[in-house]
Amino acid sequence: MRSEERLIFLTNDDGYDAPGFAAAIEMARRFGHVAAIAPETTRSGMSQAITMHDPLYLRQIPRNDDVELYAFSGTPVDCVKMAFDHLFRNRKVDLVLSGINHGSNSATNVLYSGTMGAAIEGSFYGCPAVGLSLCDHSRNADFTAAVHYGSQILSRIFESGVQGPLCLNVNVPVAAIDEIKGIRVCRQTRGFWREEFFRREDPRGREYYWLTGEFVNSEPEAADSDEHALANGFVTIVPVQADMTDYGRMEELKSVF
């Protein structure tokens, strides 16, 4: 397929005007026609959330090129559903790209991430999907390395002819291109978040809380994990699937129940 015949759908969870999203759009334009729907505002941490009890508002953002860009009042997954089930329902999407996210989505972050929620949702529609994240939360982050390696990954997907509901969780370490050691396919790190709530009071004396936390790596020396690879200067690719069945425990549980 010629690149001009491809349709690449983009979304994110940082908002339609996020710098990482702008970088993703310019990167994706090298590989096909870009149609994009992204949240009006930051919707990080939305995972697979959908909007069911509020109206949804869609507006097109004018551009001076051929990119179709829309801002949507819903979640990242809402954006994917709007694309496939309404706005572009009569057009074949060849790849879904979610990102470039401001911040890592390695390890168990994949379960909370709106970026990865959208990528997983995109794979449900039968096409390859990539969630691309840079391990830098700054709005002024340098996306050069993420674009460089993201382009390599998209190119290899198209060259290989991979089809079907493939979903890849890609994370890029904070480093210059010449400092990154390459790409490593690995598994999700086992770990958990230990949350902390900071209590405050508003001017009327009502208490409220800010949530913060720290990721606890349960296997810091596991060389086949994404956290270990990122810490050692590799771009990580973790293939993700929606089937969360713990197959390894099934026989044991059959004997128990």
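Nothing fancy with the numbering, it's 1 onward along the sequence. Atoms considered below: every heavy atom in the structure, side chains included; atoms not considered: hydrogens, waters and symmetry mates.
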Examine distances only and state if a side-chain atom of [X] and a backbone atom of [Y] form a donor-acceptor pair shorter than 3.5 Å.
| X | Y | value |
| --- | --- | --- |
| Asp13 | Pro76 | no |
| Arg6 | Phe31 | yes |
| Thr11 | Ile37 | yes |
| Thr75 | Asp78 | yes |
| Asn171 | Asn105 | yes |
| Ser98 | Thr115 | yes |
| Lys92 | Leu7 | no |
| Asn109 | Ser106 | yes |
| Glu179 | Ala176 | yes |

Would a 4.5 Å heavy-atom cut-off, applied to side chains only, mark [X] and [Y] as touching?
| X | Y | answer |
| --- | --- | --- |
| Gln188 | Val110 | yes |
| Val130 | Val96 | no |
| Val147 | Arg30 | yes |
| Arg29 | Val67 | yes |
| Leu56 | Phe72 | yes |
| Cys186 | Val238 | yes |
| Val80 | Phe9 | yes |
| Phe124 | Pro165 | no |

### Task
Please assess Ile237 against Ile183 for the test side-chain contact (heavy atoms from CB on, under 4.5 Å), listing each intermediate value before the final yes or no.
CA-CA 7 Å; Ile237 298 179; Ile183 298 173; 3.5 Å; yes
Between [X] and [Y] (salt bridge meaning N to carboxylate O under 4.0 Å), is one present in this structure?
| X | Y | result |
| --- | --- | --- |
| Arg204 | Asp202 | no |
| Arg59 | Glu40 | yes |
| Asp85 | Arg89 | no |
| Arg199 | Glu201 | yes |

### Message
Please enumerate all residues that pass side chain to side chain contact (heavy atoms under 4.5 Å, CB included) together with Asp243, with sequence neighbours excluded.
### Response
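Expected list: Gln241, Thr245, Tyr247.
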### Query
Got a sec, which residues hit side chain to side chain contact (heavy atoms under 4.5 Å, CB included) with His137, two or more places apart in sequence or on another chain?
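Side chain to side chain contact (heavy atoms under 4.5 Å, CB included) check on His137 returns nothing, list empty.
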Pairs where [range] contributes a residue and the test salt bridge (Lys or Arg N to Asp or Glu O under 4.0 Å) is met, not counting sequence neighbours:
| range | value |
| --- | --- |
| residues 154-178 | none |
| residues 101-126 | Lys81-Glu121 |
| residues 217-230 | Arg187-Glu219, Arg187-Asp224, Arg190-Glu219 |

State yes or no: do [X] and [Y] share one hydrophobic cluster built from I, L, V, M, F, W and Y residues joined by side-chain heavy-atom distances below 4.5 Å, directly or via other members?
| X | Y | value |
| --- | --- | --- |
| Val174 | Ile100 | no |
| Tyr149 | Met27 | yes |
| Val34 | Leu97 | yes |
| Met46 | Tyr16 | no |
| Val162 | Val185 | yes |

Under the 4.5 Å side-chain heavy-atom rule for ILVMFWY, direct or indirect, which residues accompany [X]?
| X | result |
| --- | --- |
| Phe257 | Leu253, Val256 |
| Tyr57 | none |
| Phe197 | Tyr209, Leu211 |
| Ile50 | Met52, Val77 |

What is the minimum heavy-atom distance between [X] and [Y], and which atoms define it?
| X | Y | result |
| --- | --- | --- |
| Phe88 | Tyr70 | CZ-CE1, 4.2 Å |
| Gly103 | Ser133 | O-CB, 3.3 Å |
| Asn12 | Phe21 | ND2-CB, 3.5 Å |
| Gly131 | Met116 | CA-SD, 3.7 Å |
| Gly122 | Ala129 | C-CB, 4.4 Å |
| Leu10 | Ala28 | CD1-CB, 3.8 Å |

### Partners meeting ring pair (Phe, Tyr, Trp, His ring centres under 6.0 Å) with Tyr125 (sequence neighbours left out)
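Scan of Tyr125 (ring pair (Phe, Tyr, Trp, His ring centres under 6.0 Å), adjacent residues dropped) gives Phe84.
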## Note on the structure
The ring pair (Phe, Tyr, Trp, His ring centres under 6.0 Å) partners of Phe143 (sequence neighbours excluded) come to His102
How many angstroms lie between atom [atom1] of [X] and atom [atom2] of [Y], to the nearest 0.5 angstrom?
| X | Y | atom1 | atom2 | value |
| --- | --- | --- | --- | --- |
| Ser73 | Leu58 | OG | CG | 8.0 Å |
| Cys127 | Ile157 | SG | CD1 | 10.5 Å |
| Thr212 | Glu195 | OG1 | CD | 8.5 Å |
| Ile120 | Ser113 | CD1 | OG | 8.0 Å |

### Query
With a distance cut-off below 6.0 Å to the six-membered ring centre and an angular limit of 45° from the axis, does Arg184 pair with Phe234 as a cation-pi contact?
yes
### Task
Could you walk me through whether Ile8 and Asp94 pass the side-chain contact (heavy atoms from CB on, under 4.5 Å) test, one step at a time?
CA-CA 6 Å; Ile8 303 175; Asp94 296 288; 5.6 Å; no
### Task
Show your reasoning for whether side-chain contact (heavy atoms from CB on, under 4.5 Å) applies to Ser44 and Asp14.
CA-CA 6 Å; Ser44 297; Asp14 291 312; 3.5 Å; yes
#### Entry: All salt bridge (Lys or Arg N to Asp or Glu O under 4.0 Å) counterparts of Asp142, not counting sequence neighbours
none
### Query
Any chance CZ of Arg139 has more than 12 other-residue heavy atoms, nucleotides or ligands included, within less than 6.0 Å?
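Result for CZ/Arg139: enclosed.
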### Message
Evaluate Glu68 against His33 for side-chain hydrogen bond (donor to acceptor under 3.5 Å, both in side chains), listing each step before the verdict.
### Response
CA-CA 9 Å; Glu68 300 175 68; His33 178 72; 2.7 Å; yes
#### Entry: Verdict with reasoning, Leu166 to Ser123, per side-chain contact (heavy atoms from CB on, under 4.5 Å)
CA-CA 6 Å; Leu166 171 73; Ser123 73; over 6 Å; no
